[in-house]
Amino acid sequence: MATISAATSFTGFCYSKSRLQGLKPTVHVDGRPRRMVAVRAEGLGINPSIRKEEAKVVDSVLVDELSKPLTPYCRCWRSGIFPLCDGTHVKHNKATGDNVGPLLLKKPKE
């Protein structure tokens with residue numbers, strides 16, 4: 001089973017890696033600090049049971065209001081441009097035997 005860990009908390013707020021490197025925490029418009037938790041799955045993989053017979057689980061959704069014909073969203077939580085997919089799931093799948101893939105938002109053909 002995969003383990004899930006949260007980022008280290010300092011003075012009551014959770015900081016991501018960039019915050020630990022000296023950047024200030026993000027704030028709400030009214031100036032209140034924003035609480036953030038970074039979740040990272042480790043171990044066996046992200047997808048322990050869904051459609052394991054498939055080489056890669058990819059789902060598509062048609063959305064009329066898209067500006068581009070295709071927008072891939074990350075579901076492995078490892079993308080460098082999260083929430084968008086950059087293909088990092090390929091490396092994750094090879095390392096763990098997982099089969100997670102992106103969620104594809106598609107503009108319907110007219």
Side-chain angles (χ1 to χ4, degrees):
M1 178 174 255
T3 56
I4 298 177
S5 62
T8 306
S9 179
F10 292 91
T11 62
F13 301 103
C14 296
Y15 290 79
S16 66
K17 181 179 176 186
S18 63
R19 305 298 185 276
L20 293 173
Q21 294 172 345
L23 299 176
K24 294 180 180 179
T26 58
V27 294
H28 289 278
V29 175
D30 64 6
R32 292 178 297 124
R34 184 174 304 200
R35 294 181 62 101
M36 293 189 296
V37 176
V39 178
R40 179 179 70 215
E42 300 169 346
L44 299 178
I46 303 296
N47 181 18
S49 62
I50 299 170
R51 297 177 4 217
K52 294 305 280 186
E53 69 282 355
E54 296 179 31
K56 182 169 57 172
V57 176
V58 178
D59 295 303
S60 298
V61 177
L62 294 177
V63 181
D64 290 328
E65 296 84 23
L66 290 177
S67 59
K68 294 191 277 185
L70 178 70
T71 305
Y73 279 87
C74 176
R75 292 195 293 191
C76 73
W77 293 79
R78 287 165 170 71
S79 174
I81 57 172
F82 191 85
L84 300 176
C85 176
D86 66 359
T88 304
H89 60 271
V90 174
K91 182 178 177 182
H92 162 76
N93 289 347
K94 285 182 182 177
T96 65
D98 209 350
N99 69 341
V100 68
L103 169 66
L104 303 176
L105 298 186
K106 296 181 177 181
K107 189 172 188 171
K109 294 181 181 179
E110 296 177 13

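Counting from 1, the numbers follow the sequence of the chain as shown. All values reported here derive from a predicted model rather than from experimental measurement.
The only member of V61, D59, L70 that meets side-chain contact (heavy atoms from CB on, under 4.5 Å) when paired with L105 is V61.
Surrounding NZ of K52 are more than 12 heavy atoms belonging to other residues, nucleotides or ligands, all under 6.0 Å away. Other residues, nucleotides and ligands place more than 12 heavy atoms under 6.0 Å from the CD1 atom of I81.
A donor-acceptor distance shorter than 3.5 angstrom exists from the side chain of K107 to the backbone of L66, with no hydrogens or angles considered. A side-chain donor-acceptor contact under 3.5 Å links D98 to the backbone of I46. In terms of modelled atom types and a separation under 3.5 Å, the side chain of D86 and the main chain of G80 share a donor-acceptor contact. Between the side chain of R75 and the backbone N or O of V57 there is at least one donor-acceptor pair closer than 3.5 Å. In this structure a side-chain-to-backbone donor-acceptor pair under 3.5 Å is present from N93 to V100.
Hydrophobic clustering keeps V63 apart from L104 (ILVMFWY residues linked when any side-chain heavy atoms are closer than 4.5 Å, directly or through intermediates). Residues F82 and L103 do not share a hydrophobic cluster, clusters being chains of Ile/Leu/Val/Met/Phe/Trp/Tyr side chains in contact below 4.5 Å.
Looking at D64 and K106, no side-chain N of the basic residue comes within less than 4.0 Å of a carboxylate O on the acidic one, giving no salt bridge.
Between the NZ atom of K56 and the NE2 atom of H89 there is a distance of 3.5 Å, given to the nearest 0.5 Å.
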